[in-house]
Protein chains: 2
Amino acid sequence: MAKELPGFRPLYAQVAELLTERIGSGRWKPGAPLPSEFRLADELKVSQGTVRKALDEMASKNLLVRRQGRGTFVAQHSAQTAHFRFFPLVDEAGVKEMPTSTVLAQKTGRAERQEAEALGLPPRAPVHRILRLRRLAGRTVVVERITLSAALFDGLALPIGTEMLEELYVVYEQQFGVTVARADEQLRAVPASAEDARHLGLAAGTPLLEVRRIARDLYGAPLELRIDRCDTSRHCYVNSLD
Amino acid sequence: MAKELPGFRPLYAQVAELLTERIGSGRWKPGAPLPSEFRLADELKVSQGTVRKALDEMASKNLLVRRQGRGTFVAQHSAQTAHFRFFPLVDEAGVKEMPTSTVLAQKTGRAERQEAEALGLPPRAPVHRILRLRRLAGRTVVVERITLSAALFDGLALPIGTEMLEELYVVYEQQFGVTVARADEQLRAVPASAEDARHLGLAAGTPLLEVRRIARDLYGAPLELRIDRCDTSRHCYVNSLD
DNA sequence: CAGTGGTCTAGACCACACA
DNA sequence: GTGTGGTCTAGACCACTGC
């Protein structure tokens with residue numbers, strides 16, 4: 001069964017790739033159960049052990065959720081999971097709180113050079129821009145500026161001025177069928193602009209933590225550019241190396 | 001062979017734990033080869049597949065390095081590996097450069113409350129404190145303050161004022177037999193103190209990225225408290241989520 | 001060449017979830 | 001009970017390394 005030509009990939013990796021494509025193509029939607037290991041093995045003409053290794057690999061990348069006795073399911077963002085995976089701010093005691101979010105503005109325009117590069121779009125492609133504030137324990141802690149391809153997120157209309165309960169990544173998944181699987185971030189310390197300072201109730205020039213994030217889909221293609229400016233006087237960004 | 005009592009752990013996890021203890025106890029030193037899978041399986045009275053799963057798990061945690069045709073080796077810090085695993089600063093093009101380091105001072109004193117807590121030491125335990133500058137592309141970019149247990153790092157004597165070629169984690173491993181396996185970091189934006197500003201050639205109050213790191217050994221016990229203040233005008237801290 | 005880890009297969013039994 | 005994933009075992013063959 002295994003082809004051992006030079007440069008070839010292991011069977012389980014090919015199986016994982018095939019299954020990932022089925023998820024990406026929408027054949028299996030988020031939350032849906034996959035066929036059992038034995039059914040997949042029969043269908044793909046490989047052993048159950050090989051399917052298992054592929055599924056384990058995909059589960060370790062948070063693409064699948066496996067539950068003993070129940071089955072294997074396509075991973076699905078929820079307010080909870082998106083929060084714990086993609087919101088690294090904690091309070092001084094190290095506790096992750098659920099933030100509240102309010103969209104101040106959503107506008108459509110043409111991508112600046114930097115935005116187009118980050119999102120892999122042609123110059124001046126149409127984009128949505130979102131300005132959002134996020135609060136923790138009643139304090140506004142983050143000023144967030146988001147840029148999205150207007151072609152990919154066609155018809156996006158966020159409620160302005162009222163508290164959003166849903167995580168944005170849940171909206172992307174449920175309304176536009178795109179899944180955020182990974183994000184790359186660059187962090188810097190910057191002085192608060194006059195606008196940042198007004199939103200955060202601080203003096204202009206106060207040091208803020210700037211987090212520049214590119215969120216990516218299953219294949220690593222960029223979906224969202226997000227620039228957060230965070231007041232780290234009472235919260236901090238946490239990270240573990242290895 | 002497998003005991004299936006409630007709450008018990010899989011055999012391969014027990015094997016991994018046993019092997020981790022052998023490494024931690026110094027029975028197998030960094031860089032040394034482990035016995036082959038079959039020898040370990042014979043010795044431990046489990047199958048080769050179970051040993052393999054334990055070894056794979058440990059390799060995925062960077063505890064071991066496996067090389068086809070050669071064997072399995074205890075992971076070893078080198079200037080290269082320590083740099084790529086534990087130095088998240090890159091330049092504007094996203095390139096990781098090798099930093100140069102100069103120790104300005106090394107003193108011994110008694111732990112402050114915060115230091116003792118971070119390192120899991122009794123109040124006022126003796127500690128080494130190190131002040132170090134790190135340069136990238138000829139610019140001083142990081143002012144680094146390190147606190148270590150003087151009991152654990154007994155006899156530490158770093159060269160003052162001259163450029164250090166070795167990574168500190170290599171020194172810990174080779175001179176003191178302790179391995180940094182993991183690190184937890186907290187990031188904040190802070191204004192440069194007068195001293196920071198002098199070292200970095202900036203104005204006091206300039207926003208700096210403060211990285212507060214606790215480096216831990218194989219078992220998660222804290223080894224080192226390190227507080228870096230970074231000039232992020234030409235470099236940034238990078239991180240990937242999932 | 002012999003020895004190592006890497007892959008693939010097959011079968012057994014266990015723990016868990018749900019009807 | 002039935003079906004699921006989780007663990008353990010055993011054996012085969014491959015690819016890589018170094019003698």
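Below, chain A is the first sequence line, B the second, and so on; all start at residue 1.
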Glu17(A)/Arg22(A) under salt bridge (charged side-chain N to carboxylate O under 4.0 Å, His left out): CA gap, chis, key distance, verdict | CA-CA 9 Å; Glu17(A) 189 178 19; Arg22(A) 289 194 182 172; over 6 Å; no

Integer-rounded Å distance: dG6(C) C1' and Leu11(A) CG = 13 Å

How many Å lie between CG on Leu44(B) and C1' on dC8(D), as a whole number?
-> 15 Å

Specify the residues of residues 30-42 of chain B, ordered by number, for which at least one heavy atom lies under 4.0 angstrom from an atom of DNA chain C.
-> Ser36(B), Glu37(B), Arg39(B)

Strand-adjacent residues in residues 62-72 of chain A, judged by heavy atoms under 4.0 Å from DNA chain C = Gln68(A), Gly69(A), Arg70(A)

Would you mind reading off the distance between Gln48(B) atom CD and dG6(C) atom P, rounded to a whole angstrom?
-> 10 Å

Rounding to a whole Å, what distance do you find between Lys45(A):NZ and dC8(C):P?
-> 18 Å

Picking from dC8(C), dG6(D), dC8(D), the nucleotide nearest the side-chain atoms of Asp56(A) would be dG6(D)

State which residues pass ring-ring contact (aromatic ring centres under 6.0 Å, His included) with Phe176(A); sequence neighbours excluded, sorted by chain then number.
-> Phe153(A)

Going by atom types only, do Glu21(B) and Tyr219(B) share a side-chain donor-acceptor pair under 3.5 Å?
-> no

For Phe73(B) and dT4(C), what is the distance between atoms CZ and C1' respectively, to the nearest whole Å?
-> 9 Å

What residues form a ring-ring contact (aromatic ring centres under 6.0 Å, His included) with Tyr237(B), not counting sequence neighbours?
-> none

What's the CD-P distance between Glu57(B) and dC8(D), to the nearest Å?
-> 11 Å

What's the verdict on side chain to side chain donor-acceptor pair (under 3.5 Å) for Arg135(B) and Thr100(B), showing C-alpha distance, side-chain angles and the deciding distance?
-> CA-CA 5 Å; Arg135(B) 298 163 68 86; Thr100(B) 67; 4.5 Å; no

What's the spacing between Met164(B) CE and Ser101(B) OG if we round to 0.5 Å?
-> 6.5 Å

Report yes or no: do Glu163(A) and Thr102(A) form a side-chain donor-acceptor pair below 3.5 Å?
-> no

Side chain to side chain contact (heavy atoms under 4.5 Å, CB included) partners for Glu92(B), two or more places apart | none

So what's the dot-bracket for DNA chain C: Watson-Crick or G-U pairs under 3.5 Å, [ ] if a pair crosses, | if it pairs off-strand?
-> ||||||||||||||||||.

Is any side-chain heavy atom of Asp217(B) less than 4.5 Å from a side-chain heavy atom of Thr179(B)?
-> no

